[in-house]
Number of protein chains: 2
Amino acid sequence: MICLKKALNFNGHLTISKSTYTKLSVDVINPNVVRLEYAVRGPIVQRAQEIENSLKKGEKRNFDHIIRCNIGDCQAAGQKPISFIRNVLSVATNHDLFKSSIISEDAKLRANRFLDSCGGSIGVYSQSTGVQVVREDVARYIESRDGLPANPNDIFLSSGASEAVKLILQLLSTGLDGSKRAGVLVPIPQYPLYSATNAEYNAYQIGYYLDEANDWSLDVDQLESTLKEHAKQCEPRVLVVINPGNPTGQVLPASVIRRVLEFAHQHNLVVLADEVYQHNIYTPDRQFVSFKRVLHDMGGSVAKELQLASFMSCSKGYMGECGLRGGYCELTNFDPGVQAQLYKCLSARLCSSLLGQLALDVVVNPPQPGEPSYESYTKEKNDVLSALQQKATLITESLNALPGFRCNPITGAMYAFPQIKLPPKAVETAKAAGMKPDFMYCLKFLEETGVCIVPGSGFGQVPGTWHFRITILPPIDQMKVVMEKLEQFHTAFMNEYS
Amino acid sequence: MICLKKALNFNGHLTISKSTYTKLSVDVINPNVVRLEYAVRGPIVQRAQEIENSLKKGEKRNFDHIIRCNIGDCQAAGQKPISFIRNVLSVATNHDLFKSSIISEDAKLRANRFLDSCGGSIGVYSQSTGVQVVREDVARYIESRDGLPANPNDIFLSSGASEAVKLILQLLSTGLDGSKRAGVLVPIPQYPLYSATNAEYNAYQIGYYLDEANDWSLDVDQLESTLKEHAKQCEPRVLVVINPGNPTGQVLPASVIRRVLEFAHQHNLVVLADEVYQHNIYTPDRQFVSFKRVLHDMGGSVAKELQLASFMSCSKGYMGECGLRGGYCELTNFDPGVQAQLYKCLSARLCSSLLGQLALDVVVNPPQPGEPSYESYTKEKNDVLSALQQKATLITESLNALPGFRCNPITGAMYAFPQIKLPPKAVETAKAAGMKPDFMYCLKFLEETGVCIVPGSGFGQVPGTWHFRITILPPIDQMKVVMEKLEQFHTAFMNEYS
């Protein structure tokens, strides 16, 4: 658009000129932002949203609603929130409820204790690291989980675990001022928050393969060879481990964690332990063991030196309170000066949501035996976890019954990540259409059945193998329908492309 | 610490070696993080916390508690939350309350409307840009405020305004891959979120002075000469304006905003309008006018081209809901591709707090005449705003009555930023102690009276001038005490150093 205007130039002369204003385009904005990708909310999910909108407008399809198996959003899949958490939050928010019998006395006590610590209202800013009593309760939770001391000053509260992960990766990033970029070892397949954040902070990502043939275990030889291959192009600095695994659903035994920590110590790495699924364990023979616990048991220089950051969230587990944005990070063995820099960085974003902090407080300090809400809390928690356990088995078995599918047992977390053998004709068709074959598979599955899953290429996979991630969150009756739809779709797909 | 250990080297040989693990120190972490400063929560505030802890332990001082005038934290200063907001939040959180008469029917309706739009629970992830009905309500609020159309798709919800500011500055940052760093024009004095974020994303900050002699107005000649001075060292890209001003309390008239927008258009700048204090206006002759409204009125190429991002929050105004972390940003004239990149970036942090989104929804869509809560809402809102207005006058007058003080009228926002003439002996004493003189003044004031304020050097000021920022948030009786303490302290200080 051309427009004449009056303008003073730098020398103060009045000039008449066309508008020379140029809007910023994608090629001149922050290239790190352009490089960032986040598959969990990528094109397939956008297409699901479009289909949902068109269904609402009356479009006819083989299905009348979208089933979202793309994201770990428990309550969106129909899971009921834990009543006690909601009772505590509502009375802390609305103080008139302290007089009401709708709210149990133990919920009132917890709300009061939180309010006493934060200054009387959930409308205040807390300390940047979070409300003192919550950090103390988190420390006690860790102490009781690990049988080890924990210090509230080494714990900070965050907006979900995601914010804490981003803050730590930002802190450890380099590459400015001519220095080498920080190398960050990330599992393949991974939860794409890590690749997105590495793009955002210009870190050098080093993908290491999880061992699919061995229940997605973590093989230290693989870590060694991958690191060796990339060590010269960057300054290796961080090792990310997700346990229980996302999208892979495995739970690591202490022996593997120990070898991983030895490797990290030997190569001078900071370990980021994403432990947000620590409540989501579905087999009695594979309990959750924290990285911190194993680190302590190793003793010696490793236990005293290795820098570890562990992440936890109130979005997963049995509570699934994604929308409240509560989370924490515990730091072990960090240099106090570095920790102070991190806490300074936290202060510029003021604090995380106070209600997210309070929800986390209930999760780490649930009602105890003898308290009025103990039984209902325990029952609600166990109901969610046993339903997840049942679905973990159902889905593993259903997937493995399909020809060309291979799915490791889901021993933890909330996802299956099956491998599909796709016929060459399907691979060629996809390539001709400019799509990855697993993307094409998931897109066709969505278009034909209304079920939304995410292709393996969004998480990473061994080249030439194809996967997808599917959550186990919808109610069991719906999951059975999803498995039936998948069987029909897959049979037709294989017929079409064989 | 030295420790013998067994280790496999890269060639697979077993070696016995000392531990060579080196913890990361401040000099090797992200230098942008190290450079970041945030005065509102800096050393004086940390010292206030230490004193408060020692008072709790029984230490005797001239005062028995800290009065926090350092931060715009309304409810921490004793302001009551708006009951209707809390009613809506509590029933959306705890659905048992839908049956209770404690909650008004219009609060229930608003909660239900939000729940219908987000999927039935505040525990879900929303769309990355925020719940649809909230963005629609924000658009209607802007339409009604400005008398202009607004598009919900150009609005995204954020964790307070701070997160949105950071996201936009990140998006517009450059300096990687050999390109010039993006130049960001920031007022001096400024709210330190801007300098902190520029440090974080390696932007080149260009400070332009506000005109203290002219009620902290914004002088375009000053913008021109400042830009000219710095234009070669960077790629000038962004102009930040805070209106009403923080820490300066001025409200810009439309005529000034118009000249600022002309300047930005001429120099190809994106304008960031921090308008979070738009409800905090204390003089009838200076109403709030939005940047968007003025931009529209200019017409021609400016109105059609100039890229504008406007920020709003539920932490300020009359509601002061800081802890809920609700905010929004409206984009005008952004390139759709760039906007898509920003929204992709939002998706990796999933979403902002659903309860923060809901609180913002009430702020932009408060009870209307005829609704049960209209009168109580309006009364509570007006009570807060008229008390702030009263304190704005009291504090301006009290400060100007002190010898050596000069304070512009507080026409908006929540702060005074008086200039103090400090005697040369005080300046020398401070310098000898390695402190800035205004820092020494604020520190002594804290130590002797328990009142916490922030030195002007944290916000920026003309070299050789000294200021502090003080909030007007504590109740009026407490503010009178603060002013008396300041008078006594200042008299003694001047006696000591004259």
Side-chain angles (χ1 to χ4, degrees), chain A residues 1 3 7 10 19 21-26 29-31 33-34 36 38 41 73 75-76 81 86-87 89-90 93-94 96 100 102 119 121-125 159 162 170-171 173 176-177 193 196 228 265-266 268 300-301 305 307 321-323 325 335 337-338 341 345 347-349 353-355, chain B residues 1 3 7 10 19 21-26 29-31 33-34 36 38 41 73 75-76 81 86-87 89-90 93-94 96 100 102 119 121-125 159 162 170-171 173 176 193 196 228 265-266 268 300-301 305 307 321-323 325 335 337-338 341 345 347-349 353-356:
Chain A
M1 187 196 39
C3 166
F10 265 141
S19 167
Y21 190 87
T22 316
K23 283 189 197 181
L24 297 173
S25 57
V26 173
I29 61 170
N30 188 335
V33 169
V34 178
L36 179 159
Y38 187 68
R41 297 199 158 195
D73 191 348
Q75 296 184 26
R86 297 307 187 88
N87 281 336
L89 295 183
S90 60
T93 302
N94 184 346
D96 290 347
S100 163
I102 296 179
S121 171
I122 54 102
V124 304
Y125 293 124
S159 190
S162 303
Q170 177 184 29
L171 180 78
S173 290
L176 290 162
D177 311 335
L193 170 67
K228 192 176 174 185
H265 188 253
Q266 198 177 331
N268 225 53
S301 60
E305 294 175 348
Q307 300 155 100
E321 292 284 10
C322 305
R325 314 307 297 123
D335 172 79
V338 170
Q341 291 292 331
C345 200
S347 75
R349 83 8 165 172
S353 153
L354 276 268
L355 288 171
Chain B
M1 188 199 35
C3 168
F10 266 140
S19 167
Y21 190 86
T22 316
K23 284 188 196 181
L24 296 174
S25 57
V26 172
I29 59 171
N30 187 337
V33 169
V34 178
L36 178 160
Y38 187 70
R41 297 201 157 192
D73 191 349
Q75 297 185 22
R86 297 306 186 87
N87 281 337
L89 295 183
S90 60
T93 302
N94 183 344
D96 290 346
S100 163
I102 296 177
S121 171
I122 54 103
V124 304
Y125 293 123
S159 190
S162 303
Q170 177 184 28
L171 180 77
S173 291
L176 290 162
L193 169 67
K228 192 175 174 184
H265 187 252
Q266 199 176 332
N268 226 51
S301 60
E305 294 176 349
Q307 298 154 101
E321 291 285 11
C322 306
R325 314 307 298 121
D335 172 79
V338 170
Q341 291 292 330
C345 199
S347 76
R349 83 7 164 174
S353 153
L354 277 266
L355 288 170

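Here the structure is a predicted model, which means the values were calculated and not measured. All values below were derived from every heavy atom in this structure, side-chain atoms included, with hydrogens, water molecules and symmetry-related copies excluded. Per chain, numbering begins at 1; letters A, B, ... match sequence-line order.
Ranking B/Ser162, B/Gly356, B/Ala348 against chain A, the residue ahead of the rest is B/Ala348, based on heavy-atom pairs under 4.5 Å. Among B/Ser25, B/Ser353, B/Gly337, B/Gly119, the residue with the largest count of heavy-atom pairs under 4.5 Å with chain A is B/Ser353. For the set B/Ile102, B/Leu89, B/Leu171, the count of heavy-atom pairs under 4.5 angstrom toward chain A peaks at B/Leu171. Top candidate by heavy-atom pairs under 4.5 Å with chain B, chosen from A/Thr93, A/Asn94, A/Asn268, is A/Asn268. Between chain B and the options A/Gln307, A/Gln75, A/Arg349, A/Gln341, the largest number of non-hydrogen pairs under 4.5 Å is found for A/Gln307.
Looking at B/Leu36, the atoms closer than 4.5 Å to chain A (heavy atoms on both sides) sit in the backbone and in the side chain alike. Within the 4.5 angstrom heavy-atom criterion, only side-chain atoms of B/Ala196, from C-beta onward, approach chain A. For chain A, the nearby parts of B/Ile29 are the backbone and the side chain; heavy atoms of each come within less than 4.5 Å.
For the residue pair A/Ser90 / B/Arg86, no side-chain donor-acceptor distance below 3.5 Å is found, with atom types taken as modelled. Between A/Tyr21 and B/Gln266, the side chains place no donor N or O within less than 3.5 Å of an acceptor N or O (distance only, hydrogens not considered).
Of all heavy-atom pairs between A/Gln170 and B/Val33, the closest is CG-CG2, 4.1 Å. Closest approach of B/Lys23 and A/Glu305 over heavy atoms only: CE-O, 3.5 Å. Heavy atoms only, all atoms of each residue included: B/Ser19 and A/His265 are closest at OG-CE1, 3.4 Å.
Taking 4.5 Å as the limit, every side-chain heavy atom of A/Cys322 sits out of range of all side-chain heavy atoms of B/Val124. A 4.5 Å side-chain heavy-atom check between B/Asp335 and A/Leu24 finds every atom pair outside the cut-off.
Put simply, CG on A/Leu355 and CD1 on B/Ile122 are 8.0 Å apart, with the number rounded to the nearest 0.5 Å.
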Practice item. Begin with the C-alpha distance, continue with both residues' side-chain angles, and end with the deciding distance and a verdict on side-chain contact (heavy atoms from CB on, under 4.5 Å) for B/Val338 and A/Val26. Key: CA-CA 5 Å; B/Val338 170; A/Val26 173; 4.2 Å; yes
Point to revise | A/Tyr125 vs B/Arg325, side-chain contact (heavy atoms from CB on, under 4.5 Å): CA-CA, chis, key distance, verdict | key: CA-CA 9 Å; A/Tyr125 293 124; B/Arg325 314 307 298 121; 3.7 Å; yes
